[in-house]
> 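Sharing a structure below in structure tokens format, with a few things to ask.
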Amino acid sequence: MHGASFSSLVIVLLAAFITPLLLHRFKIKVMPVVVAEIIMGIIIGQSGFHLVQEDMWLETLSMLGFIFLMFLSGLEIDFTAFIGGRKKEMLPSGKEAPNTFAVSFLVFVGIFILSLLLSYLFVFLGFIENAFLMTLIISTISLGVVVPTLKDAGIMKSNIGQIILLVAVIADLVTMILLAVFASIYGGENTNTWLLLVLFGAGIALYFLGKTFKSRSFIETLSKGTIQIGTRAIFTLIVVLVALSETIGAENILGAFLAGVLVSLLSPNKEMVHKMDSFGYGFLIPIFFVMVGVELDIWSLFKDSKILMLIPLLFIALLISKIVPIYLLKRWYDTKTTLASGFLLTSTLSLVIAAATIGERVNVIDAQMSGALILTAVLTCIFTPIGFKKLFPVQLSEKKKLKVAFIGANQMTLPVTRELNPKLYETTVYHTHIDKNEQQIAESLFQIEYLEDYSIETLQSKGVFNADILIAATGDEDANAEISLFAKELEVDRVIASISSPLLDEQLRAKGIDVFSVLLSTKTLLRALIEAPGIMKILTHNDSALYQIKLNNRSYDGMVLRSFPFTGDVIFVRIFRENESIVPHGDTELKRGDLLILTGSAEYVDELRQELEFHKS
């Protein structure tokens with residue numbers, strides 16, 4: 001028996017390992033890997049070759065995978081999206097972009113009301129008896145599909161990207177809370193809904209405890225080497241809240257989700273989030289999704305004509321529930337953009353699996369109905385991202401300028417704003433109030449927004465962190481360090497800080513922040529003029545300057561350099577790929593995400609940048 005159970009575990013792990021390799025080999029980019037894992041589970045499970053025998057090992061690891069998935073779902077929620085005061089964006093239609101939170105909230109309210117009405121229709125037609133459960137299933141949206149699709153399209157930080165993301169975030173939060181209420185109501189005599197307040201109270205207490213100890217110096221010391229106190233704290237938090245959830249009669253996934261929300265609110269550094277993602281999506285979560293497929297008995301669905309009819313009707317209901325409310329965006333966006341947004345918001349997976357599992361456990365639905373709901377969710381994840389990519393207009397992402405925020409107006413930052421190409425960069429300088437005469441002179445030459453101070457709260461209220469590149473160059477290097485670290489936690493694409501202290505320099509570089517100082521720059525330039533004057537000519541002469549272009553256009557992904565169709569006066573000097581530095585030659589294969597360092601005339605480089613850097617679907 002032990003040998004059989006271990007062999008089943010090996011088969012499941014092999015299936016999880018092989019799945020992304022097969023997707024890469026056959027270049028199936030439209031299918032999320034989690035969906036492919038479920039399909040792989042179907043092949044090796046009950047509906048396929050029946051190679052896996054369920055046992056305690058797989059059941060435990062699968063349950064832990066589900067718990068960790070819910071934790072990462074909570075961790076994915078970016079609460080800075082709820083902060084108002086962001087700079088208004090002008091849309092291609094010429095209209096001013098709407099308030100993201102207000103529009104997103106109205107869209108979700110529309111989705112929820114329509115989901116409720118559709119649920120009662122399913123009850124009336126006799127497909128299901130519980131309208132509450134069906135409302136949750138129809139209204140939920142998969143953050144795990146929405147986030148990577150928005151990143152892939154290059155519109156995550158645009159107004160439309162933020163609206164789509166925020167609708168998904170609100171749906172995730174509301175659905176999870178209502179799912180806990182559903183489990184409490186239908187879970188039996190030992191569960192009381194009011195006990196959920198105990199769980200949320202414990203969560204609030206743990207949040208303040210974490211906030212108190214997070215910035216202590218000894219915590220940073222214990223976070224390195226073999227101790228890794230931060231990782232230990234997160235796993236302890238998950239276990240404590242999951243155990244508390246089960247103690248009060250709630251579902252364990254609510255505790256895991258709450259743990260993720262708390263960690264997100266405490267703004268963990270990017271390295272910590274990467275560790276959690278690596279552990280979850282590298283080990284436990286694939287086991288869970290493969291096991292979802294293993295346990296899914298598709299053939300039994302074909303025996304019941306009512307269940308078979310439910311799948312296409314539910315798919316249509318999911319589309320209607322998202323596309324009708326999202327039509328509110330027609331006031332600002334064209335029909336294709338609006339429809340594409342509705343398609344992407346139709347994708348749903350994790351919470352449908354959670355709702356189906358809980359519904360089956362509390363005897364509200366049977367195994368066949370649970371399988372039909374999960375299968376429909378899988379179908380949405382396959383087809384709706386494809387619909388989004390086909391419908392979404394390319395030009396919205398092509399014409400986007402990079403937003404550059406300079407914090408501090410001085411002799412370093414102000415001249416640079418005049419030098420940057422206005423076709424490619426939208427620059428704003430943020431500075432504290434100055435003398436009226438100086439203000440009039442500065443405003444006539446530069447675009448400056450004035451602040452009361454450089455505090456994080458003031459910068460957030462002005463939407464400073466809603467930038468692609470942020471330069472912290474105030475006169476106070478401690479303030480620069482604080483601002484740049486906060487910006488990095490908010491995942492601003494590039495953060496640059498003016499720092500002179502070697503200790504701060506090392507600390508910021510370790511967090512992935514680019515550091516510069518006037519003293520170091522002056523010494524470096526003088527040394528270069530003495531030792532290698534030719535390099536200085538390359539850096540300063542317009543026709544031979546070095547430029548950096550990020551390869552975003554998937555049309556060139558996998559193309560060898562000798563087949564590159566643009567043969568103008570440009571020379572590839574270097575290619576940076578993650579931590580790898582590549583000397584380019586004819587057989588070098590370009591990869592999406594590469595940083596290309598090249599030299600050539602400014603006009604030609606601008607044309608090339610438009611082609612390569614601004615993503616095309």
Side-chain angles (χ1 to χ4, degrees), residues 29-32 35 89-115 117-118 137-172 311-349 352 376-400 554 614-617:
K29 296 180 181 179
V30 294
M31 185 187 294
V35 173
E89 179 185 327
M90 292 306 295
L91 303 176
S93 61
K95 297 178 181 177
E96 193 177 74
N99 179 287
T100 52
F101 179 75
V103 171
S104 302
F105 183 76
L106 286 173
V107 169
F108 174 73
V109 169
I111 288 171
F112 194 81
I113 292 170
L114 198 51
S115 299
L117 294 174
L118 289 166
I137 285 165
I138 296 175
S139 62
T140 186
I141 298 164
S142 175
L143 264 177
V145 176
V146 169
V147 172
T149 305
L150 290 176
K151 285 182 179 177
D152 189 48
I155 58 166
M156 177 68 90
K157 294 196 175 181
S158 67
N159 183 261
I160 185 65
Q162 286 293 300
I163 289 171
I164 295 170
L165 177 65
L166 200 48
V167 172
V169 165
I170 296 169
D172 225 31
I311 295 171
L313 289 176
L314 181 56
F315 190 93
I316 293 166
L318 287 166
L319 278 171
I320 291 170
S321 69
K322 309 305 188 302
I323 290 174
V324 173
I326 205 72
Y327 248 77
L328 175 67
L329 298 183
K330 272 287 288 172
R331 291 182 59 185
W332 300 277
Y333 292 97
D334 60 89
T335 304
K336 278 193 170 183
T337 303
T338 306
L339 270 175
S341 305
F343 263 86
L344 184 57
L345 289 172
T346 304
S347 58
T348 180
L349 190 63
V352 168
T376 308
V378 170
L379 291 173
T380 66
C381 291
I382 295 172
F383 293 109
T384 58
I386 298 172
F388 170 80
K389 289 175 183 178
K390 293 290 183 187
L391 288 169
F392 195 83
V394 174
Q395 63 268 22
L396 284 182
S397 52
E398 276 185 332
K399 295 181 179 178
K400 181 179 176 291
R554 63 162 58 91
F614 298 110
H615 170 79
K616 289 186 176 180
S617 294

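We number each residue from 1, following the sequence as shown. Quick note: numbers below take in every heavy atom, side chains included, and nothing from hydrogens, waters or symmetry partners.
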> Taking all non-hydrogen atoms of both residues into account, name the closest pair between Ser321 and Leu114 and its distance.
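That would be CA-CD2, 3.7 Å.
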> What is the distance from atom CD1 of Ile316 to atom CG of Leu118, rounded to the nearest 0.5 Å?
11.0 Å
> Starting from the C-alpha separation in whole Å, work towards a yes-or-no answer on side-chain contact (heavy atoms from CB on, under 4.5 Å) for Val145 and Thr384.
CA-CA 10 Å; Val145 176; Thr384 58; 5.6 Å; no
> Give the intermediate values and the outcome of side-chain contact (heavy atoms from CB on, under 4.5 Å) for residues Leu319 and Phe343.
CA-CA 7 Å; Leu319 278 171; Phe343 263 86; 4.1 Å; yes
> Rounded at 0.5 Å granularity, tell me how far CD1 in Ile137 sits from OG in Ser115.
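Rounded to the nearest 0.5 Å, the CD1-OG separation comes out at 11.0 Å.
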> Compare every heavy atom of Ile163 with every heavy atom of Pro98, then report the nearest pair and how far apart it is.
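Heavy-atom minimum between the residues: CG-CD1, 4.0 Å.
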> Other residues, nucleotides and ligands only: do more than 12 of their heavy atoms fall within 6.0 Å of CZ on Phe315?
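Counting other residues, nucleotides and ligands, CZ of Phe315 exceeds 12 neighbours.
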> Looking only at non-hydrogen atoms, find the nearest pair between Phe108 and Ile170 and report the distance.
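Distance-wise, the nearest heavy atoms are CD2-CG2, 3.6 Å.
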> For the backbone of Val352 and the side chain of Thr140, can you confirm whether one donor and one acceptor N or O come within less than 3.5 Å of each other?
no
> Are side-chain heavy atoms of Val169 and Val146 found at a separation under 4.5 Å?
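Counting from C-beta outward, Val169 and Val146 never come under 4.5 Å.
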> Within this structure, what is the CZ-CD1 distance for the pair Phe112 and Ile138, rounded to the nearest 0.5 Å?
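It is 10.5 Å, given to the nearest 0.5 Å.
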> What's the separation between atom OH in Tyr327 and atom OG1 in Thr335, rounded to the nearest 0.5 Å?
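Interatomic distance, Tyr327 OH to Thr335 OG1, rounded to 0.5 Å: 5.0 Å.
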> Could you tell me which non-hydrogen atom of Ala340 sits nearest to which non-hydrogen atom of Leu391, and how far apart they are?
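Here Ala340 and Leu391 meet closest at CB-CB, 3.7 Å.
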> Kindly compute the distance separating CG (Asp172) from CG (Leu143), expressed to the nearest 0.5 Å.
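Those atoms lie 4.5 Å apart.
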> Could you tell me whether the side chain of Ile141 reaches within less than 4.5 Å of the side chain of Lys322, counting heavy atoms only?
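In short, these two side chains touch, coming nearer than 4.5 Å.
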> Hey, is the main chain of Gly342 close enough, under 3.5 Å, to the side chain of Thr346 for a donor-acceptor pair?
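Flag set: sc Thr346 to bb Gly342 pair under 3.5 Å.
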> Tell me whether Ser347 contacts the main-chain N or O of Leu344 through its side chain, where contact means a donor paired with an acceptor under 3.5 Å.
yes
> So Tyr333 and Asn159, do their side chains get closer than 4.5 Å, heavy atoms only?
yes
> Of all the heavy-atom pairs spanning Ser139 and Ala171, show the shortest one and how long it is.
O-CB, 4.0 Å
> Out of curiosity, Leu345 CG to Thr380 OG1, how far, rounded to the nearest 0.5 Å?
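Answer rounded to 0.5 Å: 11.5 Å.
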